[in-house]
Structure formats: structure tokens, C-alpha cells
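Inspection log for the structure reproduced underneath, given as C-alpha cells.
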Amino acid sequence: MVMKILIEMGFQTVYEVKELEIKLIDSDGKKFKLEYELSKEELEIKFKDEIGIMDPKTVVDQLTLTPDITEEELIDQVKRVLGINTFSELKIEVEFVNGKELEVNKEADKDKNDKDTDEDAMNKRL
């Protein structure tokens, strides 16, 4: 499913996100892509989804993004909002209205509850 949403806007605050792009491939190979762009006149959201998210505006609304957010906080929020525990690839780019930018590129995230970590597996082989 590909969607494009335009919403008329009349205001901005200092900490709002100007642009947001999320590209994700979950551990089952399903893809999710969201592109968000805020201007003084409108909010544009482009959306492609194979993981079952029904409303891209809800995804954006549930993220609490501020210029001081850490990379790990950003990843955790995206995983929570999309309802996933692991992913094979994740790319996030955020540009705030104040000009600050944050970029995340991760591969092969493992579930934090997975007891068989790479180190454990290596120790078992030794």
C-alpha cells in the first residue's frame, strides 16, 4: 500500500520535526517506509507498508522526537510504535525545524530478550 497525505498547517513550534524518513525491513523481510515533510503551509506524508500499519499519521503522532533524543531512544521509539521487536535493516533520518539532524543506520537487530547472543554462541563453540 502506498499513501500520500497532505494536511494544511498554520503553525510550527521550535522542536517540531521538519523532515523524517524511516525505512525498515523487519525480521520477516517485510518493508515499511515513511517520508514526512513539514512546511509552513502543509504536512506531507508518503507511506509504503507491508507490516500492517494502518495510519501513517498515527505513527508520526506517537513518536516523541526532540533535538536532544539519542540514537537508542529513537530506535526504541520506532520499534515500539511499529510494534516490532527485531529488524534486519533500519534507517532513520530526522531534521528538526531548528536545523539539528540525526541519522541512524542499523542492521540485524536482535531481540533484547534473546538469551543466545553472539558472545554466548562463540563461548559455546569454544
Side chains of [X] and [Y] in contact at under 4.5 Å (non-hydrogen atoms):
{"X": "N98", "Y": "K18", "answer": "no"}
{"X": "L24", "Y": "D26", "answer": "yes"}
{"X": "V60", "Y": "L34", "answer": "yes"}
{"X": "I53", "Y": "F47", "answer": "yes"}
{"X": "L20", "Y": "E37", "answer": "no"}
{"X": "L38", "Y": "V17", "answer": "no"}
{"X": "L90", "Y": "I22", "answer": "yes"}
{"X": "I75", "Y": "F87", "answer": "yes"}

To the nearest 0.5 Å, how far apart are [atom1] in [X] and [atom2] in [Y]?
{"X": "E35", "Y": "K46", "atom1": "CD", "atom2": "NZ", "result": "5.5 Å"}
{"X": "L82", "Y": "D49", "atom1": "CG", "atom2": "CG", "result": "8.5 Å"}
{"X": "K23", "Y": "I92", "atom1": "NZ", "atom2": "CD1", "result": "12.5 Å"}
{"X": "K91", "Y": "E89", "atom1": "NZ", "atom2": "CD", "result": "10.5 Å"}
{"X": "E50", "Y": "D28", "atom1": "CD", "atom2": "CG", "result": "11.5 Å"}
{"X": "K30", "Y": "S88", "atom1": "NZ", "atom2": "OG", "result": "12.5 Å"}

>> I'd like to know if D76 and R80 make a salt bridge, using a cut-off of under 4.0 Å between side-chain N and carboxylate O.
In response: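 So D76 does not pair with R80 through a salt bridge.
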> With the threshold set at 4.0 Å, does a side-chain nitrogen-carboxylate oxygen contact exist between K106 and E71?
Replying inline: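 Answer for the salt bridge query: yes.
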>> If you apply the rule side-chain contact (heavy atoms from CB on, under 4.5 Å), what do you find for I45 with K57, and how did you get there?
In response: CA-CA 8 Å; I45 301 174; K57 181 83 168 73; 4.1 Å; yes
> Would E101 and E19 satisfy side-chain contact (heavy atoms from CB on, under 4.5 Å), going step by step from the backbone distance to the final call?
Replying inline: CA-CA 9 Å; E101 297 180 8; E19 293 182 23; over 6 Å; no
>> Quiz question: by atom type and distance under 3.5 Å, do the side chains of S39 and E42 form a donor-acceptor pair?
In response: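 Distance-only check fails for S39 and E42.
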>> If you compare all heavy atoms of I25 against all heavy atoms of K31, which two are closest, and at what distance to 0.1 Å?
In response: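 That would be CG1-CG, 3.9 Å.
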> What's the shortest heavy-atom distance between Q77 and I69, and which atoms?
Replying inline: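 Heavy atoms of Q77 and I69 come nearest at NE2-CD1, 3.5 Å.
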> Hey, mind stepping through F32 and I84 against side-chain contact (heavy atoms from CB on, under 4.5 Å) and telling me if it holds?
Replying inline: CA-CA 11 Å; F32 174 85; I84 62 166; over 6 Å; no
